[in-house]
2 protein chains.
Amino acid sequence: MTDDQRSAGAPTLEDVARAAGVSRATVSRVVNGVRNVDPVIQEAVRQAVSVTGYTPNRAARSLVTRRADAIALVVSGAGVEPEAARGDSGTGASGEEDGGSGGSGSFTAQVFADPFFGRVVTGVVDYLRPRGMHPVLMFAETSRAREEVVAYLRQGSADGALVVSTHAEDPLPALIADAGLAAVLFARPARPVPVSYVDLAHQDGARLAADHLLGRGCRRIATISGPLDVPAGEARLTGFRDTMARHGHPYIPIAEGQFTQESGESAMERLLAEHPDLDGVFAANDLMALGACHVLREHGRSIPGDVAVVGFDDSSAALACRPPLTTVRQPVEGMAAEMTRLLLDRLARPDGPVTSVIFEPELVVRGSA
Amino acid sequence: MTDDQRSAGAPTLEDVARAAGVSRATVSRVVNGVRNVDPVIQEAVRQAVSVTGYTPNRAARSLVTRRADAIALVVSGAGVEPEAARGDSGTGASGEEDGGSGGSGSFTAQVFADPFFGRVVTGVVDYLRPRGMHPVLMFAETSRAREEVVAYLRQGSADGALVVSTHAEDPLPALIADAGLAAVLFARPARPVPVSYVDLAHQDGARLAADHLLGRGCRRIATISGPLDVPAGEARLTGFRDTMARHGHPYIPIAEGQFTQESGESAMERLLAEHPDLDGVFAANDLMALGACHVLREHGRSIPGDVAVVGFDDSSAALACRPPLTTVRQPVEGMAAEMTRLLLDRLARPDGPVTSVIFEPELVVRGSA
DNA sequence: GTGAAAGCGCTAACAT
DNA sequence: ATGTTAGCGCTTTCAC
C-alpha cells in the first residue's frame with residue numbers, strides 16, 4: 001500500500017528493483033519468467049511489481065529484443081478502377097493516388113462490403129489473441145501505400161505481414177519478399193514468390209457445384225464467374241467448365257461478375273436475356289448468387305423449382321438469401337488462422353522451409369439447389 | 001552506388017551520419033524535418049539516407065519520444081451469453097472465459113457478422129491513413145481481455161483507444177479513464193465517464209421512421225426493437241414509441257430482437273402470430289428488417305403493399321433485401337472518422353476539453369416503405 | 001547551424 | 001542464483 005513511486009512517469013524496472021531490494025536484472029528475469037530465480041525472491045519481486053503497478057515498456061523491450069511482437073494484416077490490391085486510363089483525367093500524376101476518404105466508395109469500404117474480409121479478420125484475431133498478439137490493420141491499394149507497408153515492416157513496427165490480395169498482379173508480395181521481410185499470403189500469388197500461402201482448392205469446389213447441379217437434373221446450366229484477373233475467379237471458372245465439359249457440356253454460358261451483389265444482378269440479367277430457358281446457375285461467390293436470386297425472382301423464376309442456384313464461400317450472404325443458398329464452403333476463418341500460424345512459425349524459425357497449405361472446400365446443401 | 005553498409009543489421013542513424021560526413025544529431029534533424037539545417041547539408045543527408053536505405057527504428061524513437069504513433073481500435077462488450085447464469089455450467093470460474101477459437105460462434109465472428117463494424121473500421125482507417133497511422137485491432141469481451149487492453153495501452157504500445165462497446169454496462173471505458181489513458185467512445189456510455197464520444201441521435205432517427213410509416217397511411221404498426229440493455233436499442237424504441245404515442249398510438253406491439261437477422265425473423269413470427277393484421281413494421285436495424293421481410297413474404301405478405309417495413313442503419317443489408325429497405329441512415333463511417341479525429345486531438349492536447357459529437361440521422365426512402 | 005553527450009527502459013552477456 | 005555492465009537506436013538539451 002505504500003506509494004513509493006514519486007517520479008512522474010510510469011514505474012520502471014529500476015523502481016521495482018528498489019522496492020524489492022534486488023537488481024534490475026533479477027526483476028527482468030522474474031517478469032520474463034526466466035528460471036534460476038529463488039522462489040522467495042520471485043515472490044518478493046511479484047509483490048513489488050503489483051505494489052508499484054509496474055508495466056514493462058514495450059519500446060524499450062523491442063529496442064533490445066528486436067521484436068515488435070506485432071504483426072500486420074494487410075489487405076492489398078488495386079483500388080477502384082485499377083488501370084483507369086481514361087483520357088479525361090485532368091491531373092496527370094502517376095495514375096493512382098489516394099482517393100477521397102470516408103466515402104463508401106473508398107477501397108477500405110469496398111473491402112469490408114464483402115463478408116469475406118470480416119471472416120479473415122476473425123480467423124486471424126482468434127488465433128493471435130490467446131498468444132497475446134494483435135494485428136495492425138493496413139490497406140495497400142496504391143504504390144505509395146505499398147511502400148508504406150514495406151517501410152512499416154522495415155522499421156520494425158511489425159515482425160511480419162499477413163497479406164490478402166484482391167488482385168492477381170499485386171506487387172506487394174514480391175516487394176516484401178525482396179526486402180527480406182516475413183510474410184504469408186492468403187491465396188497463391190499470380191507469379192511465383194518465395195513466400196508461404198494458404199489457399200483453397202478452388203477447382204475442386206467448382207466441381208462440387210457442377211456435380212450437384214447436374215446431379216439434381218439441371219441441363220441448361222450457366223455460370224456467373226468472378227473477375228478473371230483474380231486467380232480465385234479464374235480457377236473457379238476453369239474448374240466448373242472442365243467438369244461440365246467432362247459431362248458433355250463443352251460450352252456453357254458465362255457472364256463475368258466482380259464478386260459484388262450488384263455485378264451478380266447484372267450478370268444474371270444478361271444470362272437470362274440470352275438464355276431464358278436456363279435451369280441452373282453457379283455463381284462464383286455468394287454475394288453474386290444473392291444478386292442473381294433477386295433477378296431470377298423478379299423475372300418470375302422460382303428457386304430452385306425453375307432455376308437452381310449454387311453459390312460459393314458460405315458467407316453470411318448465403319443465409320441472407322431466400323431460399324438460403326446451397327453453396328461451396330470455404331473455411332475462411334480456419335484458413336486465416338493457419339495463415340497466422342505459418343507466419344508465427346516463420347518468425348520463430350526464420351530458416352524453416354516455406355510451406356503452403358491448401359484447404360478442401362465442401363458442399364453445403366440448402367434451399368436454393 | 002557505394003555499398004557502405006557492412007554491419008549485418010539495418011542501417012542506423014550512425015551509418016547515415018558517417019556516409020554524409022555529419023553527426024547523428026544533424027541526420028536526425030533532417031529526417032524529422034526540424035529547421036535550422038543548411039540546405040546543402042540537408043541534401044547531402046538525404047542522399048546518404050537513400051544510399052544507405054535507412055529507415056528509422058520505431059522502437060528507439062518511441063523510447064525517447066514516449067509516443068507509439070499507434071492507436072488501438074477496441075471492440076468491447078460481453079461475449080456470447082452475457083450473464084449466462086444457467087446452473088448447468090460445470091466449470092465454476094469467474095463466469096466468462098475465452099471460448100473456442102475460430103468457430104463462427106466466437107465473439108470476433110459475431111462482431112463481424114454485422115456490417116456495422118466493417119463500416120467503423122472503414123471510417124477509422126480512412127481517417128488514419130493519410131496521417132501515416134494504422135489501428136491495432138483488439139477485442140475485449142472478457143475481463144481478462146479488458147485487462148490486456150489496459151496493459152497494452154499502459155505499456156505504451158498504443159497512444160490511445162477507440163472503443164466500440166456492444167453492451168451498455170461495459171466496464172472498459174471506466175477502466176481506461178481511471179488509468180488516465182486516452183480514449184474516445186463510439187456511443188455514449190451507460191454511466192457517465194469523463195471521456196469523449198460520438199453518437200447518433202437515435203430517438204430522432206426512430207421518429208423519422210415513425211413519421212414515415214404514419215405518413216404513408218399505416219395504422220397498425222409494430223416494432224422489432226434491439227436488445228434493450230444496449231443504449232442504442234433502448235433509445236430507438238423510446239423514440240419510436242414516443243412519436244407513435246404523440247400521434248394517437250399509445251400502445252404498439254413490440255418484439256425484442258438482438259440486432260441479428262435470425263432474431264429479426266423470430267421477432268417477426270411472434271408479431272405476426274399476435275397481430276396478423278399489421279400493416280407497418282419498424283425494425284431497429286437493417287439486419288432484423290431483412291429477417292422480418294423474409295418472414296413476411298413467407299407468410300404471403302407483400303412488401304410494401306401489405307406491410308411496409310423500415311429499417312435502421314442503411315447498412316449493406318438494406319440493399320441485400322428485396323425490395324431494398326427504406327431505412328434510417330446512420331453515417332457510421334463519418335462518425336468513426338470523427339471519433340478518430342477526437343482521439344488524435346486529445347493526444348495532441350491532453351488537457352483540451354472533453355467534447356462529444358452527436359450526429360443526425362437521415363431517412364433513406366427505398367422500396368420497402 | 002552543428003556536434004558532443006546524456007539517457008529513454010530494457011535485456012543479455014559476463015562476472016561473481 | 002544474483003548483480004554489474006554494456007549497449008539497443010534514437011532525440012534532445014547544451015555547448016560551440
Side-chain angles (χ1 to χ4, degrees), chain A residues 5 7-46 48-49 52-70 151-157 159, chain B residues 5 7-46 48-49 52-70 151-157 159:
Chain A
Q5 69 270 51
S7 44
T12 73
L13 264 195
E14 183 73 48
D15 297 326
V16 180
R18 201 180 309 129
V22 297
S23 73
R24 294 209 309 266
T26 299
V27 177
S28 176
R29 289 185 186 107
V30 173
V31 169
N32 293 297
V34 180
R35 60 186 179 295
N36 290 348
V37 177
D38 187 305
V40 179
I41 293 194
Q42 266 188 51
E43 187 46 34
V45 170
R46 258 183 257 291
V49 165
T52 55
Y54 171 74
T55 313
N57 177 306
R58 173 95 76 132
R61 179 178 282 178
S62 283
L63 184 56
V64 50
T65 61
R66 299 175 163 292
R67 287 184 307 100
D69 276 322
Y152 193 82
L153 293 167
R154 292 221 319 147
Q155 69 189 7
S157 299
D159 300 320
Chain B
Q5 68 270 50
S7 44
T12 73
L13 262 194
E14 182 73 49
D15 298 325
V16 179
R18 201 179 309 131
V22 297
S23 73
R24 297 207 308 265
T26 299
V27 177
S28 176
R29 289 184 185 108
V30 173
V31 170
N32 293 297
V34 179
R35 62 186 175 294
N36 288 351
V37 178
D38 187 304
V40 179
I41 294 192
Q42 266 188 50
E43 188 46 34
V45 170
R46 257 183 257 291
V49 166
T52 53
Y54 171 74
T55 313
N57 178 305
R58 174 95 75 133
R61 181 177 280 178
S62 283
L63 184 55
V64 49
T65 61
R66 300 176 162 292
R67 287 184 305 101
D69 275 323
Y152 192 82
L153 293 167
R154 292 222 321 147
Q155 68 189 10
S157 299
D159 300 320

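Lettering of chains follows the sequences in order, A, B, ..., and the numbering in each one begins at 1. Hydrogens, waters and symmetry mates play no part in the numbers below; they use all other heavy atoms, side chains included.
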[N] phosphate, OP1 or OP2, under 4.0 Å from [X] side-chain N/O:
{"X": "A:Asn32", "N": "C:dT11", "result": "yes"}
{"X": "B:Thr26", "N": "C:dG3", "result": "yes"}
{"X": "A:Asn36", "N": "D:dA1", "result": "yes"}
{"X": "B:Ser23", "N": "C:dT2", "result": "no"}

Please give, in whole Å, the distance from [N] [atom2] to [X] [atom1]?
{"X": "B:Gln155", "N": "C:dT11", "atom1": "CD", "atom2": "P", "value": "11 Å"}
{"X": "A:Arg154", "N": "D:dC10", "atom1": "CZ", "atom2": "P", "value": "12 Å"}
{"X": "B:Glu14", "N": "C:dA6", "atom1": "CD", "atom2": "C1'", "value": "15 Å"}
{"X": "A:Asn57", "N": "C:dC8", "atom1": "CG", "atom2": "P", "value": "11 Å"}
{"X": "A:Arg67", "N": "C:dT11", "atom1": "CZ", "atom2": "P", "value": "10 Å"}
{"X": "A:Leu13", "N": "C:dC8", "atom1": "CG", "atom2": "P", "value": "13 Å"}

Which atom of A:Gln155 lies closest to which atom of B:Pro56, heavy atoms considered |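 Heavy atoms only, the tightest pair is CB-O, 3.0 Å.
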Can you name the nearest heavy-atom pair linking A:Ala48 to A:Ala19, along with the distance?
->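 Closest pair (atom of A:Ala48, atom of A:Ala19, distance): CB-CB, 4.0 Å.
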Is any side-chain heavy atom of B:Thr12 closer than 4.5 Å to a side-chain heavy atom of B:Asp15?
->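 B:Thr12 vs B:Asp15: side chains touch.
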From the options [options], select the nucleotide whose nearest atom is closest to the side chain of [X].
{"X": "A:Arg29", "options": "D:dT11, C:dG9, C:dA13", "result": "C:dA13"}
{"X": "A:Arg61", "options": "D:dT2, C:dA4, C:dT11", "result": "C:dT11"}
{"X": "A:Leu63", "options": "D:dC8, D:dG3, C:dT11", "result": "D:dC8"}

Using the closest heavy atom to pick a nucleotide of DNA chain C for each, name whichever of B:Val64 or B:Asp38 lands nearer the 5' end.
->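 Taking each residue's closest nucleotide, the earlier one in sequence belongs to B:Asp38.
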5'-most by nearest nucleotide on DNA chain C - B:Ala60 or B:Ala25 |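 Checking each residue's closest nucleotide, the 5'-ward one belongs to B:Ala25.
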Name the nucleic acid region contacted by A:Arg66, choosing base, sugar-phosphate or nothing; use a 4.0 angstrom heavy-atom cut-off, strictly under.
->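 Contact class for A:Arg66: sugar-phosphate only.
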Tell me what A:Arg24 touches on the nucleic acid: a base, only sugar-phosphate, or nothing, going by heavy atoms under 4.0 Å.
->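 Answer is base: heavy atoms of A:Arg24 come under 4.0 Å of a base.
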How many angstroms lie between atom CZ of B:Arg24 and atom CZ of B:Arg29, to the nearest 0.5 angstrom?
->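 Going from CZ on B:Arg24 over to CZ on B:Arg29, the span is 12.0 Å.
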Of B:Val16, B:Val30, B:Val27, which meets side-chain contact (heavy atoms from CB on, under 4.5 Å) against B:Arg46?
->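 The passing option is B:Val30.
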